[in-house]
**Student:** 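Sharing a structure below in structure tokens format, with a few things to ask.
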Amino acid sequence: MTAAPITIAVLASGRGSNLQALLDAIASGALDARIAGVFSDKPTCGAIAIARAHGLHAVAIRPRECTDRAAHDEALFSEIAAVQPDLIVCAGYMRIIGAAALRRFEGRMINIHPSLLPRYPGLDTHARALAAGDAEHGASVHAVIPELDAGPLLAQVRIPVLAGDDAETLSRRLLPREHALLVATARLFAQRRVQLHAGHALLDGHRLPAPLQLDAANHLIGA
Ligand code: GRF
């Protein structure tokens, strides 16, 4: 018997290109999953527009509609709970998620971050990699824990920094690789091969000694 496709909820605040990459992968058969809803703090963001254009369930709650940060988390994550996701993908969700919401979805939430974590958690990652003179840059998928961009790393993709790069060219070159990384990592969840714990990630029941690396053919080496 084939297992049912996993159910994914996407949390996003921005243009939604990672959401689009997941939708494209599902449409092409590369990812056996269903997007059960797109959730946001910004009703006018691109991700919500993409969701609506695809007829997906889309919920945006502005922080100012809620009394405080915890109430916003509670409102949005109750909406997420209603679709019973197997996996929550944070793809450019620009708010810090409180511990109560994280506990509710422990082991089921990942984030894609545009740097080779643990280098450059937070914002302006491309500019910071350039300012440091790094020879390579990249993106990481990690489990979400209360500390920002600090959860156990699952997978990364690396690109070289080229002479003459600025933050714009670097981010533009990285973005399609981020998309491939997210799809390849989501596929491991769809295959039910990953388990997330607060301190570490398991692949096929074994602790990952280091994040999986995406190769040029979009395979995660060693997975
Ligand atoms: C991506 O660079 C992602 O890594 C970061 O925010 C950006 C979101 O882009 N966390 P998009 O909204 O998916 O286009």
Side-chain angles (χ1 to χ4, degrees), residues 8-27 30-31 33 35 37-54 56 58-60 76 80 85 87-97 101-102 109-130 134 136-159 161 165-187 189 211-214 218 220:
I8 298 178
V10 175
L11 252 179
S13 306
R15 81 200 132 175
S17 68
N18 280 285
L19 166 64
Q20 188 64 58
L22 290 173
L23 288 167
D24 292 346
I26 292 169
L31 177 62
I35 307 285
V38 177
F39 301 86
S40 182
D41 56 329
K42 290 204 163 65
T44 57
C45 76
I48 289 290
I50 291 170
R52 297 226 162 94
H54 284 79
L56 296 174
V59 178
L76 199 56
I80 293 174
L87 178 67
I88 301 174
V89 174
C90 300
Y93 182 63
M94 298 307 285
R95 289 176 63 80
I96 291 174
I97 300 167
L102 292 178
M109 207 183 306
I110 59 171
N111 179 48
I112 178 139
H113 180 78
S115 81
L116 292 172
L117 291 170
R119 290 210 286 275
Y120 318 127
L123 299 174
D124 300 327
T125 57
H126 314 298
R128 287 156 72 199
L130 287 167
D134 291 353
E136 61 175 8
H137 186 45
S140 308
V141 174
H142 65 91
V144 181
I145 62 168
E147 293 76 42
L148 185 67
D149 300 326
L153 291 168
L154 277 170
Q156 293 183 319
V157 64
R158 293 165 186 272
I159 63 167
V161 175
D165 261 337
D166 57 24
E168 173 60 31
T169 59
L170 196 51
S171 75
R172 211 180 313 131
R173 232 177 34 257
L174 180 60
L175 193 62
R177 304 303 295 139
E178 274 185 46
H179 296 157
L181 178 70
L182 181 59
V183 168
T185 311
R187 196 180 301 126
F189 282 89
L212 297 163
Q213 302 293 317
L214 193 77
N218 294 339
L220 288 168

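Whatever order the structure lists ligands and atoms in, that order sets their numbers, starting from 1.
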**Student:** State plainly whether the residues Asp165 and Arg173 are in salt-bridge range, i.e. N to O under 4.0 Å.
**Tutor:** yes
**Student:** If hydrogens are left out, which of Gly92, Ser13, Gly16, Ala47 has an atom nearest to atom 12 (O) of ligand 1, that is, the closest non-hydrogen atom?
**Tutor:** Gly16
**Student:** For the CG atom of Leu154 and the CD1 atom of Ile110, what is their distance to the nearest 0.5 Å?
**Tutor:** 7.0 Å
**Student:** In the protein, which heavy atom is nearest to atom 1 (C) of ligand 1, and how far is it?
**Tutor:** Glu178 OE1, 3.1 Å
**Student:** With Val157 as reference, evaluate Thr185, Leu116, Leu214 under the side chain to side chain contact (heavy atoms under 4.5 Å, CB included) test and give the passing residue.
**Tutor:**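 Among Thr185, Leu116, Leu214, the one meeting side chain to side chain contact (heavy atoms under 4.5 Å, CB included) with Val157 is Leu214.
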**Student:** Do me a favour and list the nearest non-hydrogen protein atom to atom 9 (O) of ligand 1 with residue, atom name and distance?
**Tutor:**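 Checking every protein heavy atom, the shortest distance to atom 9 (O) of ligand 1 gives Arg15 NH2, 3.3 Å.
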**Student:** For the side chain of Arg128 and the backbone of Leu123, is there at least one donor-acceptor N/O pair under 3.5 Å apart?
**Tutor:** yes
**Student:** Taking Gln213 for the side chain and Pro211 for the main chain, is one N or O donor matched with an acceptor at less than 3.5 Å?
**Tutor:**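 Here the side-chain-to-backbone pair exists.
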**Student:** So, is Ile112 polar-close to ligand 1, with some N/O to N/O distance under 3.5 Å?
**Tutor:** yes
**Student:** Ser17 heavy atoms, cut-off 4.0 Å: which ligand 1 atoms fall inside?
**Tutor:**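 It comes down to these atoms of ligand 1: 11 (P), 12 (O), 13 (O), 14 (O).
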**Student:** Can you list the atoms of ligand 1 that are under 4.0 Å from a heavy atom of Gly14?
**Tutor:**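 Per the distance check, 12 (O).
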